[in-house]
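All values derive from a computational prediction rather than experimental measurement. Hydrogens, waters and symmetry mates are skipped; everything else that's a heavy atom, side chains included, is used.
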There are 2 protein chains.
Amino acid sequence: MSLPHAILTALLEKPSSGLELTRRFDKSIGYFWSATHQQIYRELGRLETSGLIRALPAQGPSRGSKKEYEVLAAGREELAAWVARPEDPRPIRDPLLLRVRAAGVVGREGLAQELRRHLDLHRRQLAQYEAIEARDFPEGGDPLQHLVLRGGIDLETFWVAWLERALRDFDAGTGTDADADTGSS
Amino acid sequence: MSLPHAILTALLEKPSSGLELTRRFDKSIGYFWSATHQQIYRELGRLETSGLIRALPAQGPSRGSKKEYEVLAAGREELAAWVARPEDPRPIRDPLLLRVRAAGVVGREGLAQELRRHLDLHRRQLAQYEAIEARDFPEGGDPLQHLVLRGGIDLETFWVAWLERALRDFDAGTGTDADADTGSS
DNA sequence: GGACACATGTAAGAGGTTACATGATTCG
DNA sequence: CGAATCATGTAACCTCTTACATGTGTCC
């Protein structure tokens, strides 16, 4: 139940149309809550029906013409209540860790290459976050937004470190070569 | 598409019934891929239909009586192929980071308490993982399984550090007191 | 008017969550 | 036999993903 709250947050930061929201979910907000345009349009409809947001006047046909939304008082209240509402962290569900475990059973053939690919992706993401930090928080800025960005940076840092360690272990474990053998049954 | 592969991995490690699998998904395997018994039974049915696993003989009625499954050659091959199959990491979708961002817009009332609660949960989880490490990997053990466990440990370590930092920032930012437990009406 | 970007929307299906339903076994 | 536990299964619902569909405005 986080998508509606992500949208409320985004709309409070700046009233927007569906497409503008989609763009923002590809950038800053999307760094910790991703969503596609189909999800966003559906959820905008629901939020409007629930009376948490409203479309600004100047409507044309439903398809094709731009529709701007803004948050109503009820929406702001709902969001404030949600911020404090207890909600346990979800159990981890990570395909990469699972694949490493599976490799322990069926062999690590091809896995090292995939780990290298992920390492590269996470390094890029980390560099991007750090560039954003240097640009937007040179000396302060909104402390809460900075905190969130630090979360992203720390998370990517974890992945980079873990993947480097994994590849080191692989090299050590198989002599000189990463994922050569697996010498099946 | 990871659940079937999680089940194949679990069944290769040890042929099991649905309930036994459910138990194992509440422990070791569940530490990086959680699943409920309904998901597991549904997926076992699909995997059997697909010819990747089979139920061992000695069947009774479909409800109530135990059914053991084992992985067939096709299942092992599918799992080995999946280990090497490229699959990009999913974008982050974390409700807690989102709530901190929302707090920047509607106020941080009640948030510190929730962060403290999460900090406690993550500390417990970390302690549990470290106990498992001390018990199962005193000096080695399966390097891949150890690597996965290290992933869990490092991830929890990240959360603990980030939450501690967040709470420190909160205390600094609001004078002496975070949000004074919001003492309700 | 054709191409293209802008903008919103529909549909089908997979995966996950929650609640409930049903049969078998064991133990007092 | 009643209760608890083991064990499998159904159903409803919600979210997310993927692919497709439709309309508008602009520029050549």
State plainly whether the residues [X] and [Y] are in salt-bridge range, i.e. N to O under 4.0 Å.
| X | Y | result |
| --- | --- | --- |
| B:E70 | B:K14 | no |
| B:E114 | B:R108 | no |
| B:R99 | A:E87 | no |
| A:R123 | A:E156 | no |

Under 4.0 Å between a side-chain N/O of [X] and OP1 or OP2 of [N], yes or no?
| X | N | value |
| --- | --- | --- |
| B:Y41 | D:dG9 | no |
| A:R42 | C:dT10 | no |
| A:R90 | D:dT15 | no |
| B:Q39 | C:dT17 | yes |
| A:K67 | C:dG9 | yes |

Could you please name the option among [options] that lies closest to any side-chain atom of [X]?
| X | options | result |
| --- | --- | --- |
| A:R93 | C:dT17, D:dC16, C:dA7 | C:dT17 |
| A:L19 | C:dT18, D:dC16, C:dT8 | C:dT8 |
| B:M1 | D:dC16, C:dC6, C:dG15 | C:dG15 |
| A:Q38 | D:dC16, C:dG15, C:dT10 | C:dT10 |
| B:T36 | D:dT17, D:dC16, C:dT17 | C:dT17 |

If I take atom [atom1] in residue [X] and atom [atom2] in nucleotide [N], what distance separates them, rounded to the nearest angstrom?
| X | N | atom1 | atom2 | result |
| --- | --- | --- | --- | --- |
| A:F25 | D:dT17 | CZ | C1' | 16 Å |
| A:H37 | C:dA11 | NE2 | C1' | 12 Å |
| B:E43 | C:dG15 | CD | C1' | 9 Å |
| B:I40 | D:dT10 | CD1 | P | 16 Å |
| A:L44 | D:dT15 | CG | C1' | 16 Å |
| B:R46 | D:dT8 | CZ | P | 18 Å |
| A:L56 | C:dT8 | CG | C1' | 16 Å |
| B:Y69 | D:dA7 | OH | P | 14 Å |

- Would you please classify the geometry between the A:H146 ring and the A:F137 ring as parallel, tilted or perpendicular, with 30° and 60° separating the classes?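 Rings of A:F137 and A:H146: parallel, as their planes differ by under 30°.
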- Message: What contact category does A:T22 fall into here, base, sugar-phosphate, or nothing, at under 4.0 angstrom with non-hydrogen atoms?
- Response: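 No contact.
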- Message: Quick check on DNA chain D: between B:R23 and A:W33, whose nearest nucleotide comes earlier from the 5' end?
- Response: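 Whichever sits nearer the 5' end wins; that is B:R23.
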